Amino acid sequence: MNSLVLLLICVGVIVCGYIFYGGWLCKQWGVGDTDEETPAHAMEDGVDYVPAKAPVLMGHHFSSIAGAGPITGPINAAMFGWLPVTLWILVGGIFFGGVHDFGALFASVRNKGQSIGEIISANVSRRAKKLFIIFAYLTLILVVAAFASIVAGTFGGATLEETTDANATVAMVSILFIAVAIVFGFFVYRRNTNMVLSSIIGIAAIVVVMAVGMNFHPIYLTSNRWMIIVGIYIAIASVTPVWILLQPRDYLSSFLLYAMLIIAVVGVVGAHPALVSGDSWTAFAGFSVGDVDSKTYLFPVLFTTVACGAVSGFHSLVASGTTAKQLDKEKQAKPIAYGGMLLECVLAVLTLCAIGYAYQNGITSGATAIFGGGIAGMVASIPGLAGSYNIIYTLLVLTYSAFCLTSLDTATRLARFMFQEFWLEPGETPKDVKGGWRKVMVNPYFATIVSVVLGVVLGLNGYEKIWGLFGAANQLLAGIGLLAVATWLGNRGKNNRMFYIPMAFMLVVTICSLALTIKSEGALIAAGGADWGPYAQVIIAILLIVLAVVLVVECVRTLAKAAKRNKAAAA
């Protein structure tokens with residue numbers, strides 16, 4: 001298969017999915033059929049609830065949900081061949097992930113911008129809410145630990161001697177980029193500067209920042225010291241008004257991603273490499289790969305590995321946590337949530353094209369090397385662009401780092417929201433709590449400090465030992481998110497049948513994945529000499545299975561009651 005042909009087919013399918021299936025979802029749910037203000041206007045507080053222009057919010061949402069997922073997922077799943085990965089990206093994105101993200105945003109907007117946890121509380125039970133928030137919060141802490149560690153690792157080496165010029169360059173560009181974002185936010189939101197003019201100046205500033213960072217990078221620190229600095233940064237970013245940093249930084253970051261997409265498309269069009277590379281990469285490698293004693297099975301591994309490019313539970317937390325509080329008009333939910341998910345699918349397909357080129361040129365390991373080397377190599381192979389390799393490769397690495405940082409401070413803010421919501425009664429907001437110990441627990445500064453300390457400490461002390469659970473935990477979050485929105489729609493008498501197959505599939509996938517984890521990690525424990533990692537994974541996996549069963553039972557009961565009410569009302 002030629003990569004250009006694959007890209008054209010996939011883009012055509014994705015565009016049709018957005019127009020026809022996305023439009024059908026709007027009609028079924030009644031998106032935009034009300035004149036009521038969105039929570040961003042009705043509850044505007046200048047900190048979390050702040051209306052954002054559609055391009056700005058799209059930049060925030062896309063930057064937050066994308067991160068490194070659409071790149072690392074397809075690369076890690078490439079062992080099964082490009083065909084199953086492509087099919088999962090298309091089917092998953094249009095019918096699973098798009099429905100999941102769009103539904104979570106729409107449900108949150110219709111519920112005062114509250115999270116999926118509060119929607120579960122109002123439509124299922126208070127106990128179900130508590131269980132969901134505990135699960136979501138712990139998942140977010142793991143995300144904070146992982147991304148803080150990744151960012152700190154790109155900024156510095158394990159020792160000062162191992163810290164390279166490349167590390168210092170990425171750190172310097174990131175610091176300058178944050179400064180540019182703050183200035184951008186001030187002029188756009190406090191001086192009402194023209195958006196088009198501000199965007200042009202902002203893009204020019206990004207170019208200048210990159211040029212300066214590549215030639216002037218005096219800060220050389222170890223990754224552990226950067227870990228502490230990053231922790232302080234995300235603590236501040238989590239409680240500052242979104243217009244100061246989150247909105248402008250993510251909006252400007254999105255231009256890096258758009259540039260990356262354009263460069264990748266140019267590379268595919270110019271080089272159009274074949275996806276099949278001899279015996280090293282085929283269309284379909286089989287339902288299992290590896291040696292007899294260490295086989296990896298397509299089910300469920302493919303569906304927990306390719307997440308952000310198909311369906312990801314983290315997206316529901318972003319959609320209902322930050323995006324819903326900034327949505328200017330309800331009709332913008334489709335392009336931002338459903339469109340944002342499908343744009344991720346395009347990035348995932350482009351990653352497959354990069355893999356094909358990278359494998360042909362002997363680059364077979366390292367996500368950054370495969371993606372960056374593949375895209376840069378394709379562009380450099382075009383006549384007249386042979387000298388562009390190093391510049392493009394550096395740009396892609398910087399973009400990768402920028403999106404890790406974006407996902408990091410969004411995850412920190414979401415963890416703060418979750419911590420606060422856990423202590424609230426149904427329908428209550430932090431402002432409604434007048435005193436006592438609950439007043440401390442819902443305080444945004446206290447919630448932020450607890451979340452950041454937990455994330456940084458875990459990041460410094462071996463989060464990798466339990467990171468293997470993240471794929472299943474994230475997809476379990478997706479299954480529960482689908483279940484929650486389906487329950488809410490059912491209670492409102494709206495069509496929710498489009499959720500049944502996706503949520504059932506994701507729940508089966510994750511429970512099977514968790515069961516395999518229990519089996520494999522249990523074998524390591526039985527063999528003797530295991531550290532705390534396998535024990536933690538087994539315990540957490542068992543708890544997640546119990547959590548899933550409890551939530552499914554409660555939600556199914558609620559759905560059944562809603563179906564009976566709707567049937568009686570129709571009669």
Side-chain angles (χ1 to χ4, degrees), residues 14-15 17-44 48-66 93-116 118-119 122-123 242 246-247 250-251 254 308 311-345 410 414 417 478 481-482 484-492 494-496 498-499 502:
I14 289 169
V15 170
Y18 176 81
I19 294 172
F20 297 110
Y21 196 65
W24 180 75
L25 292 176
C26 289
K27 293 178 181 178
Q28 294 299 306
W29 301 344
V31 178
D33 64 0
T34 177
D35 294 328
E36 293 184 10
E37 290 183 322
T38 61
H41 291 283
M43 304 176 67
E44 185 172 1
D48 296 316
Y49 289 84
V50 178
K53 295 178 177 64
V56 175
L57 186 55
M58 181 64 176
H60 157 69
H61 183 79
F62 189 35
S63 299
S64 297
I65 65 171
I94 294 171
F95 300 106
F96 288 59
V99 174
H100 170 268
D101 295 13
F102 190 11
L105 177 57
F106 177 57
S108 180
V109 168
R110 288 290 181 94
N111 286 271
K112 301 180 180 179
Q114 295 177 318
S115 74
I116 292 296
E118 288 298 324
I119 293 170
N123 292 273
V242 292
L246 185 139
Q247 286 181 354
D250 292 357
Y251 173 64
S254 68
C308 285
V311 56
S312 169
F314 179 68
H315 294 191
S316 67
L317 301 183
V318 175
S320 67
T322 54
T323 305
K325 295 177 176 63
Q326 302 172 64
L327 191 70
D328 185 35
K329 297 177 182 178
E330 189 175 279
K331 66 181 181 180
Q332 295 170 352
K334 178 192 170 186
I336 290 173
Y338 197 73
M341 178 65 244
L342 296 188
L343 193 56
E344 262 200 304
C345 294
T410 297
L414 292 172
F417 289 154
L482 288 162
V485 178
T487 305
W488 173 73
L489 284 170
N491 282 337
R492 297 178 69 246
K494 296 289 186 180
N495 183 6
N496 62 358
M498 69 287 294
F499 285 87

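This one's a predicted model, so the numbers in the text were calculated from it and none came from an experiment.
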Parallel, tilted or perpendicular: rings of Phe106 and Trp29 (30°, 60°): parallel

Residue list, side-chain hydrogen bond (donor to acceptor under 3.5 Å, both in side chains) with Thr322, at least two apart or on another chain: His60

So do [Y] and [X] actually touch side chain to side chain, heavy atoms under 4.5 Å?
X: Val318; Y: Thr410; result: yes
X: Ile336; Y: Asp101; result: no
X: Trp488; Y: Lys494; result: no
X: Trp24; Y: Asn495; result: yes
X: Val109; Y: Pro39; result: yes
X: Val31; Y: Leu25; result: no
X: Leu317; Y: Phe417; result: no

Non-hydrogen atoms of [X] and [Y] that approach each other most closely:
X: Ile14; Y: Cys345; result: CD1-CB, 3.8 Å
X: Ala324; Y: Gly113; result: CB-CA, 4.2 Å
X: Leu489; Y: Phe499; result: CD1-CE1, 3.4 Å
X: Ala478; Y: Ser312; result: CB-C, 4.1 Å
X: Val99; Y: Tyr338; result: N-CE1, 3.9 Å
X: Pro502; Y: Phe95; result: CG-O, 3.4 Å

[atom1]-[atom2] distance between [X] and [Y], expressed to the nearest 0.5 angstrom:
X: Asn123; Y: Arg492; atom1: CG; atom2: CZ; result: 9.5 Å
X: Leu414; Y: Ser64; atom1: CG; atom2: OG; result: 8.0 Å
X: Asp48; Y: Gln326; atom1: CG; atom2: CD; result: 8.5 Å
X: Glu44; Y: Thr38; atom1: CD; atom2: OG1; result: 9.5 Å
X: Arg110; Y: Glu330; atom1: CZ; atom2: CD; result: 4.0 Å
X: Tyr21; Y: Met498; atom1: OH; atom2: CE; result: 5.5 Å

Residues His41 and Asp328: side-chain donor-acceptor under 3.5 angstrom: yes

Worked check of side-chain contact (heavy atoms from CB on, under 4.5 Å) between Asn111 and Glu118: CA-CA 9 Å; Asn111 286 271; Glu118 288 298 324; over 6 Å; no

For the backbone of [Y] and the side chain of [X], can you confirm whether one donor and one acceptor N or O come within less than 3.5 Å of each other?
X: Lys325; Y: Met43; result: no
X: Ser63; Y: Asp250; result: yes
X: Ser320; Y: Leu105; result: no
X: Lys27; Y: Gly23; result: no
X: Tyr49; Y: Lys112; result: yes
X: His315; Y: Ile65; result: yes

Residue Lys331 excluded, over 12 heavy atoms near NZ under 6.0 Å: no

Evaluation steps, side-chain contact (heavy atoms from CB on, under 4.5 Å), between Val485 and Ile119: CA-CA 8 Å; Val485 178; Ile119 293 170; 5.9 Å; no

Six-ring centre of Tyr251, Lys53 cation under 6.0 angstrom, axis tolerance 45°: no

